[in-house]
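The structure under discussion appears below in the form of structure tokens.
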Amino acid sequence: MFPKNTWYVACTPDEIVEKPLGRKICGENMVFYRTSEGKVAALEDFCPHRGAPLSLGFIRDGNLVCGYHGLEMGPDGKTIAMPGQRVRGFPCIKSFPVFERYGFIWVWPGDATRADPALIHHLEWAESPDWAYGGGLYHIKCDYRLMIDNLMDLTHETYVHATSIGQREIDEAPVNTKVIGDEVITSRYMENVEAPPFWKAALRGNGLADDVPVDRWQICQYLPPSHVMIEVGVAHAGHGGYDAAPEHKVSSIVVDFMTPETETSHWYFWGMARNFKPNDPALTETIREGQGKIFAEDQEMLEKQQRNILTYPERKLLMLNIDAGGVQSRRVLDRILAEEQAISAA
Amino acid sequence: MFPKNTWYVACTPDEIVEKPLGRKICGENMVFYRTSEGKVAALEDFCPHRGAPLSLGFIRDGNLVCGYHGLEMGPDGKTIAMPGQRVRGFPCIKSFPVFERYGFIWVWPGDATRADPALIHHLEWAESPDWAYGGGLYHIKCDYRLMIDNLMDLTHETYVHATSIGQREIDEAPVNTKVIGDEVITSRYMENVEAPPFWKAALRGNGLADDVPVDRWQICQYLPPSHVMIEVGVAHAGHGGYDAAPEHKVSSIVVDFMTPETETSHWYFWGMARNFKPNDPALTETIREGQGKIFAEDQEMLEKQQRNILTYPERKLLMLNIDAGGVQSRRVLDRILAEEQAISAA
Amino acid sequence: MFPKNTWYVACTPDEIVEKPLGRKICGENMVFYRTSEGKVAALEDFCPHRGAPLSLGFIRDGNLVCGYHGLEMGPDGKTIAMPGQRVRGFPCIKSFPVFERYGFIWVWPGDATRADPALIHHLEWAESPDWAYGGGLYHIKCDYRLMIDNLMDLTHETYVHATSIGQREIDEAPVNTKVIGDEVITSRYMENVEAPPFWKAALRGNGLADDVPVDRWQICQYLPPSHVMIEVGVAHAGHGGYDAAPEHKVSSIVVDFMTPETETSHWYFWGMARNFKPNDPALTETIREGQGKIFAEDQEMLEKQQRNILTYPERKLLMLNIDAGGVQSRRVLDRILAEEQAISAA
């Protein structure tokens with residue numbers, strides 16, 4: 001169950017530098033590549049000649065050439081040429097609206113007439129020189145909504161990430177959840193606590209003492225269909241917490257884009273945007289490595305949770321106050337799905 | 001097809017020392033752990049909060065803590081606590097009767113009201129200082145009943161285990177099968193034969209000559225639902241065979257507990273109990289290694305036999321005199337299954 | 001969809017030297033072995049005793065002995081003996097007509113009464129001392145007919161095998177396809193072109209200059225059910241091309257036998273027969289290695305094509321002039337399949 005009339009992160013530009021990329025998104029086998037004009041194209045990964053995957057082909061003069069018999073495909077899904085053939089009558093393949101923005105390539109798997117790049121959520125950190133970003137991609141064998149639940153309830157940090165970002169006080173601090181239109185925000189503030197290892201390292205990385213009490217915050221923002229941005233940070237205690245002046249704190253945005261592959265698997269684009277020392281690529285890499293290890297800790301849990309849920313489909317899961325973020329996010333998703341079905345039925 | 005109102009070996013104590021153990025038994029995902037009182041608990045491996053596997057959690061103060069969001073589960077399947085939550089209304093999960101005895105942890109997957117530890121078969125060798133035991137565990141992708149067949153017809157030793165315990169005389173010696181209530185005993189005696197390699201080593205291990213003719217015996221005992229104990233041994237010929245005085249023979253009990261995982265896979269707990277040199281752990285380890293190699297030889301045969309049977313479900317297998325042990329054992333099993341169905345229908 | 005009343009290559013003699021060979025062909029689990037008279041036998045890989053795979057057994061005095069309990073099976077599918085048993089009433093297993101010829105072992109999976117060795121296509125190169133042959137076997141997870149298509153349209157060489165036998169001129173040269181009874185021949189001639197790397201090496205291997213223009217030919221012959229023989233070669237330009245005298249050319253026959261395993265997988269026996277330097281085994285090995293690498297390049301393409309076709313079963317593939325070889329071959333196959341169904345319905 002995933003909306004199709006929406007923008008998903010399909011891939012990052014580095015994935016299509018050398019050759020076309022084949023990736024299944026929302027159940028569709030797609031191929032991504034860059035045309036001669038530098039634009040990205042997304043097509044069905046299916047050559048109309050004999051059904052070969054176009055992603056095994058190559059790019060010639062900005063056009064995708066099938067690696068089986070040389071059919072040359074245009075970015076609109078119409079065959080341009082094929083050695084020794086008249087191609088005018090060849091059947092078209094589907095092309096998907098695709099747009100490059102904020103360092104990601106976005107795809108719209110649904111009704112192309114509704115695809116409007118203005119609908120891509122604005123990512124301020126991706127456009128400003130004051131920010132740096134580093135991230136990665138994991139393939140996770142669970143429904144993307146289990147990852148939304150995971151990210152909209154950070155009490156799991158205490159358990160799944162006990163040695164890096166978890167701490168007992170997360171469990172103890174109350175959580176506040178609110179819905180604003182299609183957005184869901186769930187936040188938690190901890191005062192006068194010891195920073196956990198990841199944040200001690202971040203304080204040091206920003207030239208701040210790591211052995212003093214801190215105020216810590218986590219503000220999770222769900223944006224449909226499946227994006228979660230989390231403002232996280234710590235400030236030396238007593239300087240205003242989240243609102244402290246830059247010289248007293250270190251903060252960043254955890255960036256999470258979940259792109260459904262099938263009903264029970266998804267592509268997880270994770271990363272961190274920070275507005276301190278943005279011009280330090282070594283720091284970017286250090287943070288990326290640390291985050292990559294932490295986020296890998298969720299994988300076994302989520303995949304086995306998925307299998308358990310498939311084994312006991314009739315069981316209802318609990319929806320506690322800590323789950324409010326996920327529950328509200330799914331409520332928004334359900335409404336969007338219902339609207340999409342109503343439109344396609346009309 | 002497996003009885004559920006019965007005791008199966010679930011695991012050994014060393015498997016739950018460091019963390020909880022997740023294991024599927026009779027189609028049920030179970031988690032095993034030891035409580036603060038030292039008792040073993042067995043629960044559904046399904047956290048009532050969000051369906052995470054509890055086996056990925058940890059033990060704190062003798063209680064199982066979910067590794068996802070910290071729900072604390074009691075050994076009765078009732079949630080004890082969860083950070084920031086009132087848990088009284090949480091749904092229970094199933095707890096399974098479990099009992100530790102004879103160096104094994106036994107579980108009763110069926111109706112808990114019928115679980116009586118007195119129904120665990122008595123294992124004399126497991127309680128006496130005159131005996132030593134060593135064993136292991138294999139996961140076998142076949143119906144546990146194919147393993148019962150295997151163990152209740154040892155003519156396969158001549159072929160599957162030709163280099164260790166097999167010998168031509170097994171095929172030639174007549175086999176005798178009898179049923180006593182729910183027990184099936186099938187036995188074979190060979191007189192004045194050369195000992196095969198495994199038994200030559202055992203003779204030497206017990207300080208006996210290995211280059212003289214021996215009398216050899218194999219007495220297989222099936223105990224429902226899926227336990228096979230095999231008295232095996234050799235005595236220097238002419239001293240009474242099975243009844244020879246201890247100084248003339250070397251003997252032991254092959255111990256086999258088959259615990260169904262699914263309809264076409266099982267956990268195979270194998271081992272050997274011996275009443276000679278019981279205080280020699282190096283000898284225990286030598287025997288364990290040798291037996292482990294021998295029993296691994298059955299795996300490919302059994303798993304491919306299972307696949308063949310699934311491919312040709314309509315074919316009837318032969319039931320020869322050598323198969324009488326397996327045939328009679330399955331007859332007992334079928335009766336138990338029928339009784340269980342009658343009870344659950346009542 | 002594959003004919004069963006026909007001869008397929010089952011294996012090569014070296015595959016049954018040491019022990020019986022289990023191989024699934026046309027959906028049937030078969031076991032192949034050599035009897036005491038040196039003849040090859042093919043049986044169902046299913047012991048009538050307990051369903052064990054006979055291919056895990058061994059050969060004793062030319063008979064197949066089951067590796068589980070020693071049942072001795074005859075080449076006609078009738079049990080010969082079993083330790084301690086009267087076997088007269090044992091059910092038979094199927095035996096398959098099998099014939100050794102041309103260095104291959106051929107099997108007839110269908111109605112045994114129709115199996116006539118005279119129906120095996122004549123392979124002249126396999127009988128003459130003027131020819132040498134080297135080849136190999138690949139397991140390919142696609143319908144064998146996709147491989148027929150592949151081999152009956154060599155324009156794919158330009159793309160899939162760009163660094164060895166591909167060249168632009170293949171795309172440019174017209175292709176000619178004709179049907180003669182059950183045979184399909186599709187041919188292409190290129191004049192005055194540069195030889196691609198594989199053929200330059202072959203010219204050198206035959207003591208000919210590799211830096212002069214050549215005439216090149218490809219004559220693909222489909223023989224039902226699934227054999228493709230391809231006459232390939234190059235001659236120094238201006239000496240008559242295909243008809244040039246031996247001292248001006250180097251030529252060979254690409255040999256392809258596709259044997260269905262299931263509807264979506266097959267055994268691909270590939271090789272090359274050459275009539276130059278036939279007594280140079282080092283050259284045979286060099287060619288075999290080169291061809292093995294080239295033919296491995298098709299595997300990923302074909303297997304992903306198969307998956308694409310399974311994903312979009314309703315899509316019709318194009319049938320272009322270059323596909324005529326495959327299209328006509330499938331037409332012959334369809335007629336044979338229809339005839340076979342008519343016979344079995346009668």
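Reckoned from all heavy atoms, side chains included, excluding hydrogens, waters and symmetry mates. Chain identifiers are assigned alphabetically (A, B, ...) following the order of the sequence lines, protein sequences preceding nucleic acid strands; residue numbering begins at 1 within each chain. Predicted model, so just to flag it, every value in this text is computed and none were measured.
- The backbone N or O of B:Asp45 lies less than 3.5 Å from a partner atom in the side chain of A:Asn308, making a donor-acceptor pair.
- The 12-atom threshold is not exceeded at CD of A:Glu194, counting heavy atoms of other residues, nucleotides or ligands nearer than 6.0 Å.
- Within the 4.5 Å cutoff, no side-chain heavy atoms of A:Gln305 are placed close to those of B:Cys47.
- Between A:Met319 and B:Arg50 there is a side-chain heavy-atom pair separated by less than 4.5 Å.
- For the residue pair A:Tyr159 and B:Pro83, the shortest heavy atom distance occurs at OH-CG, 3.2 Å.
- In this structure, the portions of A:Asp153 lying under 4.5 Å from any heavy atom of chain B include both its backbone and its side chain.
- With values rounded to the nearest 0.5 angstrom, A:Thr311 atom OG1 is found 11.0 Å from B:Glu28 atom CD.
- For A:Gln306, no part lies near chain B; criterion is any non-hydrogen pair under 4.5 Å.
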*Report the C-alpha distance between A:Tyr312 and B:Phe46 in whole Å, list the side-chain angles of each, state the deciding distance to 0.1 Å, and finish with yes or no for ring-ring contact (aromatic ring centres under 6.0 Å, His included).*
CA-CA 9 Å; A:Tyr312 301 101; B:Phe46 187 99; 5.2 Å; yes

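- Counted within 6.0 Å of OH on A:Tyr242, heavy atoms from surrounding residues, nucleotides or ligands total 12 or fewer; the atom is thus considered open.
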*asked:* Between B:Met82 and A:Leu320, is the side chain to side chain contact (heavy atoms under 4.5 Å, CB included) condition met? List the steps.
replied: CA-CA 11 Å; B:Met82 186 171 169; A:Leu320 308 175; 3.7 Å; yes

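- Closest approach of A:Asn150 to B:Tyr68, counting heavy atoms only: ND2-OH, 2.9 Å.
- For the 3.5 Å distance criterion, the side chains of B:His69 and A:Asp171 fail to qualify, holding no donor opposite an acceptor.
- Counting heavy atoms from C-beta outward, B:Leu56 and A:Lys304 have side chains that approach closer than 4.5 Å.
- To the nearest 0.5 Å, the span separating OG1 on B:Thr79 from CG on A:Leu318 amounts to 7.5 Å.
- Using a 4.5 Å cut-off between heavy atoms, A:Arg315 contacts chain B through its side chain alone, with no backbone atom that close.
- With a 4.5 angstrom heavy-atom cutoff, A:Leu302 touches chain B only via side-chain atoms.
- Surrounding NZ of A:Lys200 are more than 12 heavy atoms belonging to other residues, nucleotides or ligands, all under 6.0 Å away.
- By number of non-hydrogen pairs under 4.5 angstrom with chain B, the leading residue of A:Asn321, A:Val175, A:Thr158, A:Ile309 is A:Asn321.
- Considering only heavy atoms from C-beta on, B:Gln85 comes within 4.5 Å of A:Ile322 through its side chain.
- In the displayed structure, A:Glu191 atom CD is contacted under 6.0 Å by at most 12 heavy atoms of other residues, nucleotides or ligands.
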